[in-house]
Amino acid sequence: MKAPSVARLLLAWYRKGHRDLPWRSTKDPYRIWVSEIMLQQTRAQAVIPYYERFLRRFPNPQALASASEDEVLAAWSGLGYYARARNLRRAAQRICVTGGDFPREYEPIRALPGIGDYTAAAIASIAFGARHAVLDGNVLRVVARVENDSGDIASARTRERFRAVAGEWLDPSDPGEFNQALMELGATVCLAKNPLCLVCPLSERCRARAEGTAHQLPVKLRKVEPVHIQSTLLVVHRGGRVLLRQREREARRMARFWELPAPEQLPGARVVEILGTFRHTITHHRYTFAVAQASVSARCAGFRWFTVRQMREIPLSTTARKALAVAKIIVP
DNA sequence: GACGCGTGGAG
DNA sequence: TCTCCAAGCGT
């Protein structure tokens, strides 16, 4: 008797029960799109509240396209990778200019800003049933283990090989559900650290499990050394308002975000008292910030005063949020 | 191909 | 406390 296919095993497992995530209950390409962008390098748990708030605020591409960049960034603030939000808005504008309907084919979807191979395959398969296998971190891990393939997943050759395997596995009758099932398996069973092989529907045909190599796959060679940085953020408040500066439009990262000044950015400031410290990591940069209460005598060109209420309406950096929490001006 | 980009959770 | 990394993309 022929062994059941990967797709059959996987879909049977998936249909038996999976996490109830809000974007699973829709085929609206706009909602699928927003969820896929938010999920890039971001855990589902972190995405859920942002997804729901974002869609209430921008329920369709037209609403998103007509919003200001600051409004969109404010809704994204805290989620990270802010280029995603800028690209999302730009893509919505492009969609609205070209008729207002979300593209239905892989190629035009792939051509939108912020959409790469993964996201195009995810949207095309989930929203439109197109036969494209997704290749994300979950799929790479599952394929590496089932095939017991120790290729470096940062290399293009390995990724092409893995993509071919996922394409072989793909269930042509429901590519979208198959893709989600494969990613769900990676997210909940075929875990990076501690794979739950005992409950895995693919364990019978998993070569890494047979060889005992699951925990060391997939192989990723490159590694960036962390850099430790110490700095100070100044909290200047006066009459219930706090002094903030805005990053330049051209800044490489977090452009247009409002943040607290460092001492060198506010030369006239006088430190009154150190209120505390906190840590924050941005990619491989590990910051330790001291939070200092400070005062200024003169007016501060390029700065603006914000109330706590106003801060909810602007893109506010997470370092500023953490520092203002240390200063007990906002609640974390 | 290698980097840079945010954040918070898990172990 | 520290490391690793989670539904990637653009340069």
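To find a chain, count down the sequence lines: A is the first, B the second, and so on, and within it residues start at 1. Source: prediction; values computed, not measured.
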Residues of residues 103-135 of chain A with a heavy atom under 4.0 Å from any atom of DNA chain C, listed by number, are A:P113, A:G114, A:I115, A:G116, A:D117, A:Y118, A:T119
Those residues at least two apart in sequence (or on a different chain) that pass side-chain contact (heavy atoms from CB on, under 4.5 Å) with A:A154 are A:D152, A:R222
Here the ring pair (Phe, Tyr, Trp, His ring centres under 6.0 Å) pairs for residues 298-332 of chain A, sequence neighbours left out, are A:W258-A:F306
Which protein N or O atoms sit under 3.5 Å from an N or O of nucleotides 2-6 of chain C?
unit_1, atom_1, unit_2, atom_2, d
C:dT3, OP2, A:R286, NH1, 3.0
C:dA6, N3, A:Q41, O, 3.4

Residue pair A:F257/A:R252 against DNA chain B: nearer the 5' end by closest nucleotide is A:R252
Assert: residue with more 5' nearest nucleotide on DNA chain B, out of A:H285 and A:A46, is A:H285
Separation between CZ (A:R145) and SG (A:C200), nearest 0.5 Å, reads 9.5 Å
Residue pairs meeting ring pair (Phe, Tyr, Trp, His ring centres under 6.0 Å), one or both in residues 102-143 of chain A, sequence neighbours left out, come to A:W33-A:F102, A:Y106-A:H132
Whole-Å distance, A:Q45 CD to B:dA10 P, equals 9 Å
Phosphate oxygens OP1/OP2 of B:dT7: is one of them under 4.0 Å from a side-chain N or O of A:H280? yes
Contacts satisfying ring pair (Phe, Tyr, Trp, His ring centres under 6.0 Å) that involve residues 176-208 of chain A (not counting sequence neighbours) are none
Original post:
If the P atom of C:dT11 is compared with that of B:dG6, how far apart are they to the nearest Å?
Top reply: 14 Å
Ordered by number, residues from residues 154-179 of chain A within less than 4.0 Å of DNA chain B (heavy atoms) are A:S155, A:A156
- Does A:R94 reach the main-chain N or O of A:L112 with its side chain, forming a donor-acceptor pair under 3.5 Å? no
Residues pairing under side-chain hydrogen bond (donor to acceptor under 3.5 Å, both in side chains) where one sits in residues 72-90 of chain A, two or more places apart or in two chains, turn out to be A:T42-A:R84, A:E69-A:R86, A:S77-A:R321, A:N87-A:R90
Exercise for review: Could you check whether A:W76 gets within reach of a base, just the sugar-phosphate, or nothing at all, counting any heavy atom under 4.0 Å?
Suggested key: nothing
A:Y50 atom OH is separated from B:dT7 atom P, nearest whole Å, by 9 Å
Those residues at least two apart in sequence (or on a different chain) that pass salt bridge (charged side-chain N to carboxylate O under 4.0 Å, His left out) with A:R247 are A:E259
Show the atom names and distances, to 0.1 Å, of all donor-acceptor pairs under 3.5 Å that link a side chain in residues 273-294 of chain A to residues at least two apart or in another chain.
unit_1, atom_1, unit_2, atom_2, d
A:R279, NH1, A:T288, OG1, 3.3
A:H280, ND1, A:K322, NZ, 2.9

For A:S125, the side-chain contact (heavy atoms from CB on, under 4.5 Å) test, sequence neighbours excluded, returns A:P175, A:N179
Atom CD1 of A:I37 and atom P of C:dG8 are separated, to the nearest Å, by 11 Å
From the list A:V308, A:L324, A:L234, side-chain contact (heavy atoms from CB on, under 4.5 Å) partner of A:V242 resolves to A:L324
Interatomic distance, NE2@A:H215 vs CZ@A:R209, rounded to 0.5 Å, equals 14.0 Å
Here the distance between atom P of B:dG9 and atom CD1 of A:I48, to the nearest Å, is 12 Å
### Query
Can you check whether A:I48's main-chain N or O pairs, donor with acceptor, with A:R53's side chain at less than 3.5 Å?
no
When rounded to whole Å, the CD to P distance for the pair A:Q40 and B:dT7 reads 16 Å
The correct set of residues in residues 82-92 of chain A placing a heavy atom under 4.0 Å from DNA chain B is A:Y82
From CG of A:L79 across to C1' of C:dG8 the rounded distance in Å is 13 Å
